[in-house]
Protein chains: 2
Amino acid sequence: MSDTSEAYLQIGEVAERTGVTQRTLRFYEEKGLLRPPTRMDGGFRLYSEDDVKRVEHIRRLQNLLGLSLAEIKEMVEAQEMLREITAQYRPEWDVAEKKRQLRKAIDVVSQQHGIVSQKAEQMSEMKAQLAERLQTFDRWMAELEHAERKAPVA
Amino acid sequence: MSDTSEAYLQIGEVAERTGVTQRTLRFYEEKGLLRPPTRMDGGFRLYSEDDVKRVEHIRRLQNLLGLSLAEIKEMVEAQEMLREITAQYRPEWDVAEKKRQLRKAIDVVSQQHGIVSQKAEQMSEMKAQLAERLQTFDRWMAELEHAERKAPVA
DNA sequence: GCGACGCCTTACTTCTACGTCAAGGTTATG
DNA sequence: CATAACCTTGACGTAGAAGTAAGGCGTCGC
């Protein structure tokens, strides 16, 4: 291969780099979460670095926010829209149409932001509770050790 | 029982108050996440306010942390242990045994704390990214409106 | 003491998010 | 050109977390 065309990855490399299985990558494609990658003549999938990022993003939405693939798909699709707008694709769209799409994207992202904010808040609340509980436990442990020194095991 | 024995709830009420179905409550019981509630003579389950809290806790662990019911079970069981220790139950246990149990509980809680901390951090990172993205969008939107004023819709 | 409604168990079904073959085509390498 | 390593589609399987339906008691208000 040419040295500069190293931008293309086969499914195995993508799997390794993202930590998901090949099956999962095909599955995401099937479900519309990853757009169908380009193919080699023989039919092998060729992914871009961008695709890798998308996979990582999907995983974050899954693990961090606990969203379903269906929900993630919606978000990913909005991202797609954006990329098209920003890359000056679809020059046939007039400004009004671009605005419509952009507004849609803003909606999705603010929704995402809302979810994250809410969860983050609940998390720090929970974190505080746990920290407090740990303190209590440490105190109890100290008490137990005190008791042990006073009255050693029979 | 005490005169204010109105503290007992049937499964339907618990379901309504916690937002889970009756099936789910029985399922959690079956899986050992909820200890078997007391029953009326006819066999109807009678839950306490404490049970309600436990259900809410389980849901938080599920939704916020994305833990499996198996993982949640471990945590809930550790909580149970603690309640017994702290309530001075099991006086037949010697101090060493109590220490063992307490240490176990501490382990579980610190693990929980670790998970929460990590997730919280990742969340605020994500939140920042989203906020930044929103800013960018707003700028674009402004640009589009500017363009529109200069060259109105054809 | 009866009707309506709530609850019981048991068993089967569903949905999501993949895992696991199987049988065969493609690509790189000596 | 053989051979290993990699990839393809397709079909079936699975674990977790419930949903749903069937058939049968319990409870409550009148």
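Each chain gets a letter, A, B and so on, in the order the sequences are listed, and its residues count up from 1. The figures that follow rest on heavy atoms only: side chains count, while hydrogens, waters and symmetry mates do not.
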Looking only at side chains, do Arg26(B) and Gln22(B) share a donor and an acceptor under 3.5 Å apart? yes
Look at Thr24(B) and dA17(D) and indicate whether a side-chain polar atom (N or O) is within less than 4.0 Å of OP1 or OP2. no
Taking five pairs at each end of the helix from dG1(C)-dC30(D) to dG30(C)-dC1(D), what angle separates the two helix axes (nearest 10°)? 20°
Taken in chain and number order and not counting sequence neighbours, the residues that satisfy side-chain hydrogen bond (donor to acceptor under 3.5 Å, both in side chains) with Arg17(A) are Glu49(A)
Could you go over nucleotides 11-14 of chain C and give all protein N or O partners under 3.5 Å, atom names and distances?
none

Partners passing ring pair (Phe, Tyr, Trp, His ring centres under 6.0 Å) against Phe44(A) (at least two apart in sequence or in another chain): none
Atom CD of Glu30(B) and atom C1' of dG16(D): how far apart are they, to the nearest Å? 13 Å
For Arg59(B), salt bridge (charged side-chain N to carboxylate O under 4.0 Å, His left out) partners two or more places apart: none
Among residues at least two apart in sequence or on other chains, which ones pass salt bridge (charged side-chain N to carboxylate O under 4.0 Å, His left out) with Glu97(B)? Arg100(B)
Inspect the contact between Asp107(A) and Arg103(A) and indicate whether a charged nitrogen and a carboxylate oxygen are less than 4.0 angstrom apart. no
DNA chain C contacts among residues 58-78 of chain B, heavy-atom distance under 4.0 Å: none
Once rounded to the nearest 0.5 Å, what's the spacing between atom CD of Glu30(B) and atom CG of Leu69(B)? 11.5 Å
Taking distance alone, no hydrogens or angles, what donor-acceptor pairs closer than 3.5 Å link side-chain atoms of residues 32-39 of chain B to residues at least two apart or in another chain?
from: Arg35(B); atom 1: NH2; to: Asp51(B); atom 2: OD1; distance (Å): 3.4
from: Arg35(B); atom 1: NH2; to: Asp51(B); atom 2: OD2; distance (Å): 3.3
from: Thr38(B); atom 1: OG1; to: Leu46(B); atom 2: O; distance (Å): 3.2
from: Arg39(B); atom 1: NH1; to: Gly43(B); atom 2: O; distance (Å): 2.8

Under 4.0 Å between a side-chain N or O of Tyr28(B) and OP1 or OP2 of dA17(D)? no
With a 4.0 Å limit, can you tell me whether Arg26(A) has a side-chain N or O closer than that to the phosphate oxygens OP1/OP2 of dT8(D)? yes
Residues forming a ring pair (Phe, Tyr, Trp, His ring centres under 6.0 Å) with Phe137(A), sequence neighbours excluded: Trp140(A)
Can you give one letter per nucleotide of nucleotides 22-30 of chain D, 5' to 3': B if a protein heavy atom sits under 4.0 Å from the base, S if only from the sugar-phosphate, - if neither? ----SS---
Phe27(B) has an atom CZ; how far is it from atom C1' of dC7(C), in whole Å? 20 Å
Taking only residues two or more places apart in sequence, or in another chain, which ones meet Lys127(B) in a salt bridge (charged side-chain N to carboxylate O under 4.0 Å, His left out)? none
To the nearest Å, how far apart are Leu46(A) CG and dC6(D) C1'? 13 Å
The salt bridge (charged side-chain N to carboxylate O under 4.0 Å, His left out) partners of Arg23(B) (sequence neighbours excluded) come to none
Length of the line joining Leu9(B):CG and dC7(C):C1', which is rounded to integer Å: 15 Å
Distance below 4.0 Å between Thr21(A) side-chain N/O and dG19(C) OP1 or OP2: yes
Without hydrogens or angle criteria, can the side chains of Gln79(B) and Arg133(A) be said to hold a donor-acceptor pair below 3.5 Å? yes
Charged N to carboxylate O under 4.0 angstrom, Glu80(B) versus Arg54(B)? yes
